[in-house]
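Structure first, then comments.
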There are 2 protein chains.
Amino acid sequence: MSDKIKTRGRGRPRAFDRDMALDQAQALFHAQGYEGVGVAALAEAMGINPPSLYAAFGSKALLYAEVLDRYSRASPLSEPLIGPATDPDARPAEALTNLLRKAARIYSADPATAGCLVLEGERSTDADAACRARSCKDASVQQLHGFIAVTHPDKADVVADYVAAVMSGMSADARAGHSTERLTAVANMAALAIAAMLPTA
Amino acid sequence: MSDKIKTRGRGRPRAFDRDMALDQAQALFHAQGYEGVGVAALAEAMGINPPSLYAAFGSKALLYAEVLDRYSRASPLSEPLIGPATDPDARPAEALTNLLRKAARIYSADPATAGCLVLEGERSTDADAACRARSCKDASVQQLHGFIAVTHPDKADVVADYVAAVMSGMSADARAGHSTERLTAVANMAALAIAAMLPTA
DNA sequence: TGATTTATATAGCGATCACTAATCATTTCT
DNA sequence: AGAAATGATTAGTGATCGCTATATAAATCA
């Protein structure tokens, strides 16, 4: 039969699914933040003991880094732009407006994991965690910048910063319990500035 | 001679200035956040021992509450609006734009205390601290709302939320080390949406 | 089968957290 | 002066933090 993705090694096989464990860790970090959750709680949610967590992920900080990476790939700050960005006829103002509206929906969809994992992680008191989240955000803003620069190179700096700032504010509002409608209203108003800055011309 | 503001009581007089101690506490909380600073560090910065801190302020949470209150009075989210709000001929769009520009300057003025104490406190992992900061923010947003409602009652909800969201995003950017110019550029772009929503008519 | 390798579970490490009991010092009251 | 009241100091409380030493279980290798 076919080989597994990775040939099983020598020692005792791992008794838990690494990806499912990451799912649990991501949910906990998203719900309670980096400092709000301890390794004991993480291990329990994963169904393992702390030593297994350290053997599989190295440390709490490295586990968090993996979660950030995972989250960024699954639900990036700039996800809906990847497609349009490759289209030379893309309409940036429209795409960015849709991005904000989508964020309004996602951030307030599940009260248990309100807001953006990355943007909230950026505010962490732990220097290491905040730095990792910041890098994650910067990468997304850079992607945003590249997308805007295709059609409006001189305004890409401001517009990318602006969109990120609005999303950060919406993330905070989502954590405060604001409804999807309330967030969407903010997104729609924010879109007015985008339309003014990036005329379809 | 004249009586002091408060007649001196019976026991041993306090050996430190309560207001100056609050200044130090505010600086520390602003620099490192509620969870980032411990009572030992607070007491040392205030030049006192932990028991004196508890005798004078009750607890870390109550001290933080006092600091929030103090900060809100000295540098409120909506400070520049109090004056104009009493003027029936106020131009809200202009006032809000100035508010955002002022925030851009204040948030990035001192790298050691970047961002807004209240808006950053809102993201705290500690439930109690986050709730207190949230109340503080809500009060400011409410004030903002009242100011806008004078001339544009139907749009006050969205606009107040929008301004608060942008300020929250700018606060995060300030903590990430963004320059005053970069923050001001975002403020100016954000003002476009305000101008579009609140025509001088 | 026996050696090697890796994962597991138990238990606990030192450090730090917010907080305080006990004692002493300094003031005002009678 | 002596009693009463309040602040300051020392030294530590139990709880939780991230993390790990140790021993055992389960797999592959020779």
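The structure presented is a predicted model; accordingly, all values stated were derived computationally and were not measured. Sequence lines set the chain letters: A, B, ... in the order given, protein chains first and strands last, and positions in each chain run from 1.
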**Request:** Just call it for A/A55: base, sugar-phosphate, or nothing, with non-hydrogen atoms closer than 4.0 Å on any strand.
**Result:** nothing

Distance, rounded to the nearest Å, where [X] contributes [atom1] and [N] contributes [atom2]:
| X | N | atom1 | atom2 | value |
| --- | --- | --- | --- | --- |
| A/D126 | D/dC17 | CG | P | 14 Å |
| A/Y34 | D/dC17 | OH | P | 13 Å |
| A/L42 | D/dC19 | CG | C1' | 13 Å |
| B/F57 | D/dG7 | CZ | P | 12 Å |
| A/L63 | D/dC17 | CG | P | 15 Å |
| B/L53 | D/dG7 | CG | P | 13 Å |

**Item:** Upstream residue (5' side of DNA chain C) when A/P50 and B/Y54 are each assigned their closest nucleotide
**Value:** A/P50

**Complete:** Per nearest nucleotide of DNA chain C, the residue lying toward the 5' end, B/V37 or A/A15, is A/A15

Closest approach to the side chain of [X], judged atom by atom: which nucleotide of [options] is it?
| X | options | value |
| --- | --- | --- |
| B/N49 | D/dG7, D/dC19, D/dT9 | D/dT9 |
| B/R10 | D/dA4, D/dA8, D/dG18 | D/dA4 |
| A/P13 | D/dG18, D/dA26, D/dA8 | D/dA26 |

**Prompt:** DNA chain D: A/K60 or B/P51, which has the more 5' nearest nucleotide?
**Reply:** B/P51

**Fill in**
Of A/G11 and B/R12, the one whose nearest nucleotide on DNA chain D sits closer to the 5' end is B/R12

**Asked** Distance only, no hydrogens: is a donor on one side chain within 3.5 Å (strictly under) of an acceptor on the other, for B/R123 and B/S168?
**Response** yes

**Any donor-acceptor N or O pair under 3.5 Å, side chains B/S124, B/E35** = yes

**Asked** Contact boundaries of DNA chain C with chain B (under 4.0 Å, heavy atoms), 5' to 3'?
**Response** C/dA18 to C/dC29

**Asked** Does the cation-pi check pass for B/R73 over B/Y71, that is, NZ or CZ under 6.0 Å from the six-membered ring centre and within 45° of its axis?
**Response** no

**Prompt:** Should A/R70 and A/D23 count as an ion pair when the cut-off is N to O under 4.0 Å?
**Reply:** yes

**Asked** Any salt bridge between B/D128 and B/K60, counting N to O under 4.0 Å?
**Response** no

**Asked** Can you name the nearest heavy-atom pair linking B/Q24 to B/A45, along with the distance?
**Response** CG-O, 3.5 Å

**Asked** Quick one: are the ring centres of A/Y107 and A/H178 less than 6.0 Å apart?
**Response** no

